[in-house]
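Numbered from 1 within each chain, the chains take letters A, B, ... in sequence-line order. On a predicted model such as this, the values are computed, not experimentally measured, just so you know.
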2 protein chains.
Amino acid sequence: MNLNFLKTFVHVVEAGNFSRAAERVHLSQPAVSMQMQALAQDLGVELFRRRGHKLETTEAGAILYAQARRFLQDWQAVLHKLESVRQRLQGRLALGASTTPGDYLLPQLLCQFHSLHPELEVRMEVGSSEEIVSALLDGRLDLAVVGYQPQDDALEAQVVFEDQLVAVFAPDYGLARQNKVGVEDLLAQPLLQRTQGSATRQVLERALAERGYDPDDMKIIMELGSSRALLEAAARGLGVAVVSKAAAADYTDSGRLAWACVEGLELRRNFWLVQSRRLRSAAQQAFVQFLLRSDLRG
Amino acid sequence: MNLNFLKTFVHVVEAGNFSRAAERVHLSQPAVSMQMQALAQDLGVELFRRRGHKLETTEAGAILYAQARRFLQDWQAVLHKLESVRQRLQGRLALGASTTPGDYLLPQLLCQFHSLHPELEVRMEVGSSEEIVSALLDGRLDLAVVGYQPQDDALEAQVVFEDQLVAVFAPDYGLARQNKVGVEDLLAQPLLQRTQGSATRQVLERALAERGYDPDDMKIIMELGSSRALLEAAARGLGVAVVSKAAAADYTDSGRLAWACVEGLELRRNFWLVQSRRLRSAAQQAFVQFLLRSDLRG
DNA sequence: TGATATTATAATATATTTTTATATACCAGT
DNA sequence: ACTGGTATATAAAAATATATTATAATATCA
């Protein structure tokens, strides 16, 4: 029995749909299909029934779902118990990050990581992806999380976060229905943007160009140097900003901002963990393991 | 994460030894070696430490062991919960078995199976392996458990039980030290045997011949037609009998008989689940699944 | 009915797992 | 210290399992 299959199963039940579950667990749809068949065969029961397109769990499926959730949680608990004896590491670890991960994704993780290895001195440098990557090549950093995949042969990269840009605006702005806005609607609004050269801004401009829109059609009423500044301005009703969902979380969760996906634009982007291919310290390996286990990318 | 790895881990801890654990879970020793490495790597901890040849669990290993046992039990419980909704089958199932499985291995399993499918009428015929196999070929039986692998192309076979012959004798007989007796010692004793043609007897005679002993050297003082009769005679101190460990379990567990492995003889034998290759009923498939899940062979 | 959404199947590629064969390390007894 | 026995590790090959892409099948919904 493979715990991954069980995890997939839970996602299928929650998504109510094989295809969507496949996305969430980062598999192809046929892989999910195959896993569910294997699981059902292995357990000797039917797990799903289909009423037209509606996917329903059978009685057995419902039982398994309830059990599987607890079961997976229990396994997490086992892993957690092991954390306590995982060897305490000492020394230093120099991280780099571009702004979105550096400001919004990594801080909380670094806190957790620090509690696991209190003796370990962790330093994080935040800068543009290019700055960070060159520091990595110079050996000034051990590893980094940046917004693109460097093509340098000396570096190795893997996706660790998946981010999405969303439109944000004051809650009384009245723009979105069902957390969605069309591209045309967006372009009709007064926009708040990061200053030229920001990676976030580039993602938006590229996505527009990809769909045949001219980035210059945006009615930019203000250019600001940080996400934080953008969010503050948007919260004050100045206009609409397009920012990382993670960056906006503080504001959207507290209700200071409303958010919406932009329909018809591919505003997803990945953040890559990048390391040099040379020998890696135990601390570095531990941090990588920790990041991957944190499961922010599936 | 693979639950099988966890199961192997538990066996390793309990066996205190990779090689013995490998036997118990029916894997090769390198496979166990590999699994333990993979597990340790996956969890990011050392699981074992080695003081010379003595295998010790590390602190992490001890924690994992405690958790893993519960965890595997919980999984069994999940499977059990699913049993309750597994579709009740109706109809008939005609089983055959040679004497050892028919008398000692299958009865308890049939009781369990019956409680799962109360509507299903199960009939078991007990006879010599040859009789059973020919009934199978005639279609008078659906499936059977016998002591050898038939070579007929119409039949498919797989090992479901592993059995071992052991020497048994009255507890005050004073034959064995540490549950072991040498071949020479055995041959020096007055022996109780099954009548000519018994499969059990054949295993013993073949094992003797294999090692260069003449089966006629056995000092057979009585030949009896059933294991039960043999055990009763041995319990009364008449002599030593060589019988299936499973058959002797009643007597050895209650202390009415002592038992010992015969050193230097290969007295292990398999029992095979045999089925015709033609279409199988749902009941038949369910029973096979049940048998395999019962895990009497690993 | 045709367009769309969803799942299954087939062919294929990749990764994982197992086995066999062989090498290495430790221990015990001489 | 040598030697035979025992216990693990490693390497290469074979067998399985799992994944992906492309395509077909099936059911809904407009």
Side-chain angles (χ1 to χ4, degrees), chain A residues 1-43 46-58 61 156 158-159 162 178 180 263-264 270 292 297-298, chain B residues 1-43 46-58 61 156 158-159 162 178 180 182 261 263-264 270 292 297-298:
Chain A
M1 247 305 299
N2 193 320
L3 285 193
N4 294 330
F5 284 27
L6 217 52
K7 178 175 150 188
T8 302
F9 169 75
V10 167
H11 278 276
V12 168
V13 174
E14 290 174 355
N17 175 312
F18 283 27
S19 308
R20 254 191 308 280
E23 285 175 26
R24 295 191 194 172
V25 295
H26 299 275
L27 285 175
S28 65
Q29 168 266 313
V32 172
S33 197
M34 175 283 236
Q35 288 194 3
M36 293 307 95
Q37 282 177 33
L39 194 59
Q41 160 131 37
D42 210 57
L43 299 173
E46 297 286 316
L47 295 173
F48 301 105
R49 197 192 350 260
R50 206 158 262 122
R51 297 177 67 79
H53 268 180
K54 288 284 178 303
L55 188 68
E56 289 178 354
T57 59
T58 60
E156 195 179 332
Q158 59 191 313
V159 175
E162 277 175 356
Q178 296 180 328
K180 288 181 183 175
E263 248 175 332
N270 293 328
L292 296 177
R297 115 240 85 131
Chain B
M1 245 305 300
N2 193 320
L3 283 192
N4 294 331
F5 284 26
L6 215 52
K7 177 175 152 188
T8 302
F9 170 75
V10 167
H11 277 276
V12 168
V13 173
E14 290 174 355
N17 175 314
F18 282 27
S19 309
R20 253 192 308 280
E23 284 177 24
R24 295 191 194 172
V25 295
H26 299 276
L27 285 175
S28 65
Q29 168 266 312
V32 172
S33 198
M34 174 286 234
Q35 288 193 4
M36 294 306 96
Q37 283 177 34
L39 195 58
Q41 160 132 36
D42 209 56
L43 300 173
E46 297 286 316
L47 294 173
F48 301 105
R49 198 193 345 264
R50 204 157 264 122
R51 298 178 66 79
H53 266 180
K54 287 284 177 303
L55 190 68
E56 290 178 355
T57 59
T58 59
E156 194 179 332
Q158 60 191 314
V159 175
E162 279 175 354
Q178 296 181 327
K180 287 181 182 174
C261 294
E263 248 175 332
N270 293 327
L292 296 178
R297 114 240 88 123

Just to verify, what does B:Asp42 make a side chain to side chain contact (heavy atoms under 4.5 Å, CB included) with, not counting sequence neighbours?
B:Met1
Output one line per pair: protein atom, nucleotide atom from nucleotides 16-20 of chain D, and distance, for all N/O pairs under 3.5 Å.
residue	atom	partner	partner atom	Å
D:dA19	OP2	A:Gln35	NE2	2.8
D:dT20	OP2	A:Ser28	N	2.8
D:dT20	OP2	A:Ser28	OG	2.7

So which heavy atom on A:Leu55 is nearest to which on A:Asn17, and how close?
CD2-N, 3.8 Å
Validation row: B:Leu47, B:Val12 side chains within 4.5 angstrom (heavy atoms):
no
Just verifying a value: how many Å separate A:Leu3 CG and A:Phe9 CZ, rounded to the nearest 0.5 Å?
14.0 Å
Below 4.0 Å: OP1/OP2 of C:dT7 and any side-chain N or O of A:Gln37:
no
Can you name the residues that form a side chain to side chain contact (heavy atoms under 4.5 Å, CB included) with B:Ala15, not counting sequence neighbours?
B:Arg20, B:Ala21, B:Arg24
Whole angstrom is fine here: how far is it from CZ in B:Phe48 over to P in C:dC26?
19 Å
Nearest-Å distance, CE (B:Met1) to C1' (C:dT16)?
14 Å
Between B:Phe5 and B:Ala38, which heavy-atom pair has the shortest distance, and what is it?
CE2-CB, 3.9 Å
Is the closest side-chain donor-acceptor distance between B:Thr58 and B:Glu46 under 3.5 Å?
no
When the distance from CG of B:Leu3 to C1' of C:dT17 is rounded to whole Å, what number comes out?
16 Å
Could you check which residues of residues 9-21 of chain B get a heavy atom under 4.0 Å from DNA chain C? Sort them by number, please.
none
Using a cut-off of 6.0 Å, state whether more than 12 heavy atoms not belonging to A:Glu56 lie near its atom CD.
yes
Can you check whether B:Gln35 reaches B:Leu27 side chain to side chain, under 4.5 Å on heavy atoms?
yes
Within this structure, what is the OG1-CZ distance for the pair B:Thr57 and B:Arg49, rounded to the nearest 0.5 Å?
8.0 Å
Terminal helix-axis angle for the helix from C:dT1-D:dA30 to C:dT30-D:dA1, with five pairs defining each axis and rounding to 10 degrees:
30°
Separation of A:Leu55 atom CG from C:dA5 atom C1', in whole Å?
14 Å
Looking at A:Arg50, I'd like to know whether one of its side-chain N or O atoms comes within less than 4.0 Å of OP1 or OP2 on C:dA8.
yes
For B:Asn4, the side chain to side chain contact (heavy atoms under 4.5 Å, CB included) test, sequence neighbours excluded, returns B:Asn2
Can you tell me if the side-chain N/O atoms of B:Ser33 get under 4.0 Å from OP1 or OP2 in D:dT8?
no
